[in-house]
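Each chain gets a letter, A, B and so on, in the order the sequences are listed, and its residues count up from 1. These numbers come from the heavy atoms of this one structure, side chains and all, not from hydrogens, waters or symmetry mates. The model shown is predicted, which means the values in this text are computed figures rather than measured ones.
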Number of protein chains: 2
Amino acid sequence: MLEHQEEAPVPGKVTIYDVARRAGVAPSTVSRAFSRPGRVNAATAERIRRVAEELGYRVNPLARALSTARTGMIALVVPDIANPFYAEVILGAQATATRAGFTILLADTQESGRIERAALERAMPTVDGILLAGSRMSDSAIRMVSKQKPVVVLNRAVVDVPCVVPDNARGIRGAAEHLAELGHQHITYVAGPEASWADGMRWRSLREVALELHLRVGRIGPFTPDVQGGVRAAEEMGTSPTSAVIAYNDQLAIGLIRGLAARGVRVPQDVSVVGFDNIFAADLITPGLTTVAAPLHTEGATATKHLLAMISGTASRRSEPGAQRVPEQAGQAVVLPVRLVVRGSTAQRSRKRTSPASGTTRVSPSAAKAATSTSAGSR
Amino acid sequence: MLEHQEEAPVPGKVTIYDVARRAGVAPSTVSRAFSRPGRVNAATAERIRRVAEELGYRVNPLARALSTARTGMIALVVPDIANPFYAEVILGAQATATRAGFTILLADTQESGRIERAALERAMPTVDGILLAGSRMSDSAIRMVSKQKPVVVLNRAVVDVPCVVPDNARGIRGAAEHLAELGHQHITYVAGPEASWADGMRWRSLREVALELHLRVGRIGPFTPDVQGGVRAAEEMGTSPTSAVIAYNDQLAIGLIRGLAARGVRVPQDVSVVGFDNIFAADLITPGLTTVAAPLHTEGATATKHLLAMISGTASRRSEPGAQRVPEQAGQAVVLPVRLVVRGSTAQRSRKRTSPASGTTRVSPSAAKAATSTSAGSR
DNA sequence: ATGAAAGCGCTAACAT
DNA sequence: ATGTTAGCGCTTTCAT
């Protein structure tokens, strides 16, 4: 009679023991039937499956995780989900994670290093690996983390930690060449967060390519990498900006265009603007934003693919504490190709503007320190 | 000497046993010290904390979950993370979840009911509750789920399941009144997904308020609720749309404006457009989009708050299978206030346009078939 | 207030 | 191929 209790399939309460009893086998056999099909007789396996089915049995991932030390979850840590940039990355990550049977634990750190640490603290013991996109932590902190669990970093190069980054150099080069072809001779770089690796990378690349192309460059910033920041940048630029500007990212570029418009400066007639990332909105605004398209979705996917590889790599040697580090070409950043998407925000340099034929070849960005754009002096 | 093994704080491997031994207490005491402070002598508690600290001990959430049946995770299921609408909701949810010590398990269902089911299947056993935003499942399927775990539904009313929705009726009313004040007498509703509860709600509300305000209304659609859909809607509208339109959501409205612009119809001079949601981009495009601002962030936060309440409610009676349903005012949808944000996409009705004084109270938008779609028949 | 011991549901040697 | 037996790390009666 007690058997009757089984008759009511209470979904979350059926265990392998229930199935085992009902199928007339040992619990371990049921376990095998689910965790490693093939290691059990096809016939019994089938029977077990049937019984499990009718009993409404589902494996309990938690219990499984407790003994295997593998949870099937990976943490995705981002500074701001609402940032379309990360949204795309998340999508890419989610897609390949799901396909591999992994679940994503999402953590938004609100652009705060403190929250990021806390989030990691919480998530770490629950996940098999970590995807760090736009981390605010220091390189050494990241290395620390990667010593405990497999980690892949996005959009940033950290020594000794697998990274996935867009080809910033080529992207900036493409943008600069495009601008040069349109007759622009002086480009202003609108900088993003000071601490951003990508920002440094882009600015450096710009200076290099400028040298090569005989362009002059200036720089203002840093600004927060959002629309707000762009508006502020426009203010800082004053009424006579250079004829061309490359912004750290699209949000900044969009804000810049708005800010410029508000002060009567027209884009692209008066100044050409190029962004970076090619977020969704780049195509929505007027004029459309010319921008360096980063393979957002692909970045997420690629990073996840690597992470999963690392995870299955470490899976074997559980007991070796220090062995967490994987043979993978650690430290070797995978760089993904980018492409320039030309839209309406860039145009032939207007002849009406004064052409600063004078001026040195390469303008010292020291002018940047003048809060309210003294850098204008260079023009 | 064996003791020395403890000296190397291998972060993920320290257990309460290690701490207990080192602190000279029983494992159960260590457990108490962490899970229910107060039930242990303040002094010993302190000592335990210290030892734990220096040993680098962290409670293992999985192990804890296995015995308590509470994981501290809630699943957030959304159709599309990249959709700015959901991005905001996610943020709101994440914020309050984190504050309560909960972690979010994110699942993007790619607008697919099938994937949604699969995701739930996977997540269910791992989470304490579920947040369903923009679910593609049937009401009954949702009720089924909510019988197993606490569930809160967003942007949709499902009988017997706690819901959080924006005040669609008031929102539409506000939009219609605004349009009426501007002199518009005929409003076209650009419909979203056929299966969408919100869409039905909005259309119905529009008809009601139209009756009251002596406005005529028409409707075209359904369209996919994205920019693409809006562009298609523009095509379907032909060259002589009504002077005012309300779209199911902002993306549709944005696409519509683009599509209209492409065919030489100017917004707001020729036609006024109102959206719904007030997503980020609504303020970026030109002209700015007049729209009904839904409290996106608040929705996520509110829903989460309710879910957490339900969770702590069910926490007590673990053994009562059928008792999962909470006393909460189940079925009672919480409706959140909205407000109209007026931007540049709406304007006084242009006198130049032919005023269709003739025509029935409700004009059949048959003109739509002029475009490419044949689906026009159903409207 | 603290200790001892029995699980939570599953996996993993080790047998057979 | 399948059964036995220990755990995984923590919580939780039940004693003391």
Side-chain angles (χ1 to χ4, degrees), chain A residues 6 10-49 51-52 55-72 124-126 128 315-319, chain B residues 6 10-49 51-52 55-72 124-126 128 315-319:
Chain A
E6 299 174 13
V10 182
K13 301 252 164 254
V14 187
T15 77
I16 49 172
Y17 286 86
D18 301 321
V19 178
R21 202 180 324 142
R22 192 76 117 76
V25 297
S28 55
T29 304
V30 177
S31 171
R32 289 191 192 98
F34 284 99
S35 50
R36 39 208 8 167
R39 300 232 195 200
V40 64
N41 182 299
T44 42
E46 182 45 34
R47 178 156 40 98
I48 290 175
R49 286 211 172 287
V51 174
L55 246 44
Y57 167 78
R58 334 247 58 156
V59 328
N60 180 330
L62 272 65
R64 189 199 290 253
L66 190 53
S67 46
T68 60
R70 307 276 274 53
T71 63
M124 217 121 91
T126 323
D128 297 336
S316 33
R317 29 199 157 61
R318 273 183 58 185
S319 41
Chain B
E6 298 174 13
V10 183
K13 300 253 166 255
V14 186
T15 77
I16 49 172
Y17 286 85
D18 301 322
V19 178
R21 202 178 324 140
R22 192 77 120 75
V25 297
S28 54
T29 304
V30 177
S31 171
R32 288 190 192 97
F34 284 99
S35 50
R36 39 209 12 165
R39 300 230 195 200
V40 65
N41 182 300
T44 42
E46 183 45 34
R47 179 157 38 98
I48 290 176
R49 287 210 173 288
V51 173
L55 246 43
Y57 168 78
R58 334 249 56 156
V59 329
N60 180 331
L62 272 65
R64 190 201 290 257
L66 189 53
S67 46
T68 59
R70 307 276 273 52
T71 63
M124 217 120 92
T126 324
D128 296 336
S316 34
R317 28 198 157 64
R318 270 185 60 185
S319 42

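Look at CG on A:Leu55: it is 15 Å from C1' on C:dG9, rounded to the nearest Å. A:Phe34 has its CZ atom 10 Å from the P atom of C:dT11, to the nearest Å. Rounded to whole angstrom, the span from the CG atom of A:Asn60 across to the C1' atom of C:dG7 amounts to 14 Å. Counting to the nearest Å, the C1' atom of C:dA12 and the CZ atom of A:Arg39 are 11 Å from each other. A straight line from CG of A:Leu62 to P of C:dG9 spans 11 Å, rounded to a whole angstrom. The separation between A:Arg36 atom CZ and C:dT11 atom P is 9 Å, rounded to whole Å.
Contact annotation for A:Val25: backbone-only contact, meaning every heavy-atom pair under 4.0 Å involves sugar-phosphate atoms and none involves a base. Among the heavy atoms of the strands lying under 4.0 Å from A:Ser31 is at least one base atom, whether or not backbone atoms are also near. If you check every strand for non-hydrogen atoms under 4.0 Å, A:Val59 touches sugar and phosphate atoms only.
Side-chain N/O atoms of B:Arg70 include none lying less than 4.0 angstrom from OP1 or OP2 on D:dT11. Taking only side-chain nitrogens and oxygens, A:Arg64 never comes nearer than 4.0 Å to OP1 or OP2 of D:dC8. Not one side-chain nitrogen or oxygen of B:Thr68 sits closer than 4.0 Å to the OP1 or OP2 atom of D:dT12. Between C:dT2 and B:Thr44, a contact under 4.0 Å exists linking OP1 or OP2 to a side-chain N or O. Checking the phosphate oxygens (OP1, OP2) of C:dC10, a side-chain nitrogen or oxygen of A:Tyr57 falls inside 4.0 Å. Put simply, A:Thr29 has a side-chain N or O that comes within less than 4.0 Å of OP1 or OP2 on D:dG3.
Each of B:Ala63 and B:Pro27 was matched to the nucleotide of DNA chain C holding its nearest heavy atom; the match closer to the 5' end belongs to B:Pro27.
In the set D:dT12, D:dG3, D:dG9, D:dG3 carries the atom at the smallest distance from any side-chain atom of A:Arg32. Closest to the A:Asn41 side chain, of the nucleotides D:dG3, D:dT2, D:dT11, is D:dT2. Across D:dC10, D:dT4, C:dA5, the shortest atom-to-atom separation from the side chain of B:Ile16 is found for D:dC10. Here C:dC10 is the nucleotide among C:dC10, D:dT11, C:dT2 with the atom lying nearest to any side-chain atom of A:Thr15.
The two atoms that bring A:Ser35 and A:Arg64 nearest to each other are CB-NH1, 3.6 Å, heavy atoms only. Closest heavy-atom contact between B:Ala45 and B:Val40: CB-CG1, 3.6 Å.
With hydrogens and angles left out, the side chain of A:Tyr17 and the base of C:dC10 share a donor-acceptor pair within 3.5 Å. If you check distances only, the side chain of A:Ser28 never reaches the base of D:dT5 with a donor-acceptor pair under 3.5 Å. In this model, no side-chain donor or acceptor of B:Arg58 finds a partner on the base of D:dG9 within 3.5 Å.
In this structure, B:Arg49 fails the cation-pi test against B:Tyr57, since its NZ or CZ atom is not both closer than 6.0 Å to the six-membered ring centre and inside 45 degrees of the ring normal.
Residues B:Pro125 and A:Arg58 form no side-chain contact, since every pair of their non-hydrogen atoms from C-beta on lies 4.5 Å or further apart.
Looking at B:Arg39, its side chain never comes within 3.5 Å of a backbone N or O of B:Arg32 through a donor-acceptor pair.
For the atom pair A:Leu55 CG and A:Ile48 CD1, the distance stands at 12.5 Å (nearest 0.5 Å).
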